Amino acid sequence: MELFLLSNGKLADDAPLLGYAQPQLHAMIARRAIRSAVLILYAIIRGDHAQRAADLSTSLGIPVRTVDAFTSPADAIAQAELILVSGGNTWFLNQMLHEQGLIVAIQRAVRERQVPYVGWNAGCNVATPSIRTTNDMPVRSSVVLPALGLFPVQINPHYLDASVSGHMGETRDEWLAEFCAVNPS
């Protein structure tokens, strides 16, 4: 199983999508002779999906089609040589993966067919057993459904070790300590 779990899509506004990971991604694409990729953009609630796919095609040097460009999302994953899952809202992404029947389809593609998985931000979050440690707001549903479980531990890709002066709420450290106290395994 080959997973690229990244905290974000780019390091600066003018940088190419996944530009900072290009050497590793290009090496994997060449080693596996990957000719195309499928992009899941459900986490992007506002934005140009076609432009994201075009940007990734340029960045990765292979054609990238969104999951919506196929007859069905499951067909897209069945044909995928590389699965890309974007950042955005983790709650919305996870709910859409369930609604579109993609949880098992992606698990099988990655585990059984050895299709590489690249997820950043929300795409990283959903690769874990659950989305319970995301910073995102539940914009559509507050039900915590299981995630893909490709990686065995929880991740918080936007963890900041900071205390804001005057902020009287819990820090990320305190929230994660509470999570571990309630979920010791």
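Keep in mind the model is a prediction, meaning the values are calculated, not measured. Along the sequence shown, residues carry numbers from 1.
Minimum interatomic distance between Ala76 and Val67 (heavy atoms only, all atoms of both residues): CB-CG2, 3.6 Å. Scanning all heavy atoms of the two residues, the minimum distance from Ile106 to Leu150 falls at CG2-CD1, 4.4 Å. The two residues Tyr117 and Ala127 have their closest heavy-atom pair at CE2-CB, 3.9 Å. Shown here for Arg111 and Gly149, the closest heavy-atom pair between the two residues is NH2-O, 2.6 Å. A pairwise comparison of heavy atoms in Pro146 and His98 identifies O-NE2, 2.6 Å as the closest pair. Summarising the geometry of Ala122 relative to Ala43, their closest heavy-atom pair is CB-CB, 3.9 Å, with the distance given to 0.1 Å.
Side-chain atoms of Gln114 come within 3.5 Å of backbone atoms of Met1 as a donor-acceptor pair (strictly under, hydrogens ignored). Judged by distance alone, with hydrogens and angles left aside, the side-chain atoms of Gln107 form a donor-acceptor pair with the main-chain N or O of Leu148 at under 3.5 Å. Panel note: side chain Ser86, backbone Leu41; no donor-acceptor pair is recorded below 3.5 Å. Side chain of Arg65 to backbone of Ala69: a donor-acceptor contact under 3.5 angstrom is found.
Residue Arg35 qualifies as open at atom CZ: its count of foreign heavy atoms under 6.0 Å is 12 or below.
Partner of Pro116 under the side-chain contact (heavy atoms from CB on, under 4.5 Å) criterion, out of Leu25, Ile29, Ile34: Ile34 alone. Here the options are Val126, Leu84, Ile77, the test is side-chain contact (heavy atoms from CB on, under 4.5 Å), and the partner is Ile40; only Ile77 passes.
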- prompt: For Tyr42 and Gln100, what are the C-alpha separation, side-chain angles and deciding distance, and is it a side-chain contact (heavy atoms from CB on, under 4.5 Å)?
  reply: CA-CA 10 Å; Tyr42 297 142; Gln100 297 299 320; 3.4 Å; yes
task: Quick one: do Val153 and Thr128 satisfy side-chain contact (heavy atoms from CB on, under 4.5 Å)? Show the steps, please.
output: CA-CA 6 Å; Val153 297; Thr128 68; over 6 Å; no
- prompt: Please walk me through it: do Ile83 and Val118 pass side-chain contact (heavy atoms from CB on, under 4.5 Å)?
  reply: CA-CA 6 Å; Ile83 298 169; Val118 179; over 6 Å; no
Residue pair Arg31, Glu2: steps toward the side-chain contact (heavy atoms from CB on, under 4.5 Å) verdict: CA-CA 12 Å; Arg31 180 174 27 84; Glu2 194 157 8; 2.8 Å; yes
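Here Glu81 does not pair with Arg113 in a salt bridge; the nearest charged N to carboxylate O distance is not below 4.0 Å.
Rounding to the nearest 0.5 Å places OG1 of Thr90 at 12.5 Å from CZ of Phe92. Interatomic distance, Met96 CE to Asn89 CG, rounded to the nearest 0.5 Å: 12.0 Å. Here OG of Ser36 is found 11.5 Å from CG of Leu60. Values are rounded to the nearest 0.5 Å. The CG atom of Leu6 sits 9.0 Å away from atom CD of Gln24, with the distance rounded to the nearest 0.5 Å. Between the CH2 atom of Trp91 and the CG atom of Asn125 there is a distance of 11.0 Å, given to the nearest 0.5 Å. The distance from atom CG of Leu18 to atom CH2 of Trp120, rounded to the nearest 0.5 Å, is 4.5 Å.
Two residues are said to be in side-chain contact when any heavy atoms from C-beta on lie closer than 4.5 Å; Leu3 and Val110 meet this criterion.
Connection of Val104 to Leu102 is not established within any shared hydrophobic cluster, with ILVMFWY side chains joined at heavy-atom distances below 4.5 Å, either directly or through further cluster members.
Side chains of Asp55 and Gln51: a donor on one and an acceptor on the other come within 3.5 Å.
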